[in-house]
Q: 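My structure is below; once you've seen it, I'll send some questions.
Heavy atoms only: backbone and side chains are in, while hydrogens, waters and symmetry mates are out. Remember, predicted model here, so these are calculated numbers, not experimental data. Just so you know, ligand 1 is whichever comes first in the structure, and atom 1 is the first atom listed for that ligand.
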Amino acid sequence: PDTRKPWGEFVTVAIEDGIAWITLNRPEKRNAINPGIVYEMNAVLDAMEENDEAKVLVITGAGEAFSAGQDLKEYFRIPDAGPPLERERLYRANAAWQWRRMMYFPKPTIAMVNGWCFGGAFQVLIACDLAVAADEAVFGLSEINWGIIPAGIVTKSVAEVMRQRDALYYIMTGETFDGKRAKELGLVNISVPRAELRERTIKLAQTLMEKNPFVLRAAKTAYHHVKAMSWESAFEYLMAKSDATKYRDPEKGDQVGMKQFLDEKSYRPGLESYKR
Ligand code: ACO
C-alpha cells in the first residue's frame with residue numbers, strides 16, 4: 001500500500017483560529033523548492049480549499065529562510081538530465097501551486113517572509129494577495145548570479161509589482177535588499193522587526209476574517225482580470241461580476257450592510273465592516 005501522506009514531509013500545516021499556517025519545511029536546505037514541496041503544496045491547496053476551518057492562508061518558511069527559491073539540484077540539475085516530459089510535468093505542477101492557483105485561490109493568502117527569499121520564491125510572494133516581511137529578511141533576484149534569467153513566471157510577476165527601473169536593477173545586478181526596502185519597492189505591504197512578524201500577520205489575517213469571504217474572493221478575482229482589460233470591457237465585466245456576486249452571496253452581505261447602515265444606523269461602512 002502507498003503509505004505516503006499527501007503532505008507533512010516537506011510542508012507542514014497548522015490551523016489556529018481561522019488561520020492556516022502553511023510552512024515550507026526544509027530548513028536545512030533553506031526551504032529550496034524541490035519536487036517534494038511542489039507536490040505537497042498542490043495537495044495542501046486542495047485540502048485548504050475545502051477545509052472550513054481555514055479562512056486565511058499564511059505561507060511561510062521554517063528556520064532562517066522563507067525560501068531560497070527553486071532547488072538547483074532537485075528542480076534543475078536532475079530534471080534537466082531526465083525525460084523532457086517529466087520535467088514538463090514538474091514545471092506545470094510548480095506553476096499550478098506557485099501562481100495559477102494561488103493568485104485565484106478562493107481564500108485570502110498572505111506571504112509571511114521570515115528570512116531568505118530568492119528567485120522562484122518571488123513567484124509565491126507575488127502570487128499571494130498580501131505580504132508581511134521581517135525587516136531582517138533578505139530578498140534577491142539571484143538568477144543572474146548563476147547564469148540564468150528569472151524564468152518560471154518570476155520576471156512577469158516582478159514586472160507587475162515593481163517599477164521598471166527597480167525591476168531591471170535587481171534583475172540585472174542580483175543585489176539583495178531587506179524587508180524595509182521590499183516595502184518601498186511595493187513587494188510587501190508591511191515590514192516589521194522579526195520579533196513582531198507573527199503578531200502583525202495575525203492582525204492582518206483577523207482584519208480579512210471580518211469581511212464577507214464570498215465577496216473577498218470575487219474582489220480579488222476581479223482585480224486580476226480587469227488589469228488586462230480595456231476600460232469599456234472592465235466596466236461591463238465588473239457590473240456583471242458585481243451582480244453575480246450579489247446574487248450568489250450566501251449571506252447577502254449587501255442587504256445586511258444596507259440595513260445596518262440605513263435602517264438600524266448601527267455602523268458606518270466608511271469605517272468598519274458590517275456585523276456578520
Ligand atoms: N537549491 C538547492 N540547495 C540549496 C538552495 C537552492 N536554491 N539554497 C540552499 N541550498 C542548500 C545548500 O546547498 C546547503 O546544502 P548542504 O547543507 O547539503 O550543503 C544548504 O541548503 C544550506 O545552504 P548554505 O548556503 O550553507 O546556507 P547559508 O545560510 O549560508 O546561505 C543562502 C543561505 C544565502 C540562501 C544560500 O544557501 C544561497 O545562496 N542559496 C541559493 C539562493 C538562490 O540563488 N536561489 C535560486 C534562485 S533562482 C530560482 O529560484 C529560479
Q: Looking at atom 43 (C) of ligand 1, what's its closest protein heavy atom, distance included?
A: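 For this ligand atom, the closest protein heavy atom is S142 OG, 3.2 Å.
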Q: Using heavy-atom distances only, which candidate in G152, A68, P27, G119 approaches atom 45 (N) of ligand 1 most closely?
A: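 Looking at heavy atoms only, A68 sits closest to atom 45 (N) of ligand 1.
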Q: Return the option from R30, R77, E74, Q70 holding the heavy atom at the smallest distance from atom 37 (O) of ligand 1.
A: R30
Q: Among E143, E28, R26, which residue places a heavy atom closest to atom 22 (C) of ligand 1?
A: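 Shortest heavy-atom distance from atom 22 (C) of ligand 1: E28.
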Q: Listing request: all salt bridge (Lys or Arg N to Asp or Glu O under 4.0 Å) pairs with a residue in residues 98-113, at least two apart in sequence or in separate chains.
A: D46-R101, E49-R101
Q: Determine if the distance from atom 30 (O) of ligand 1 to the closest protein heavy atom is below 4.0 Å.
A: no
Q: Any protein heavy-atom neighbour for atom 12 (C) of ligand 1 (distance below 4.0 angstrom)?
A: no
Q: Verify whether the ring centers belonging to W146 and F76 lie closer than 6.0 Å.
A: yes
Q: Quick one: look at F122 and ligand 1, take heavy-atom pairs under 4.0 Å, and tell me if it's side chain, backbone, both or neither.
A: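 Within the 4.0 Å criterion, F122 makes no contact with ligand 1.
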Q: What protein heavy atom sits nearest atom 49 (C) of ligand 1, and how far away is it?
A: G120 N, 3.5 Å
Q: Side chain, backbone, both or neither: which part of W146 comes within less than 4.0 Å of ligand 1 when only heavy atoms are counted?
A: side chain
Q: For atom 9 (C) of ligand 1, is there a protein heavy atom at a distance under 4.0 Å?
A: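 Protein heavy atoms within 4.0 Å of atom 9 (C) of ligand 1 - there is at least one.
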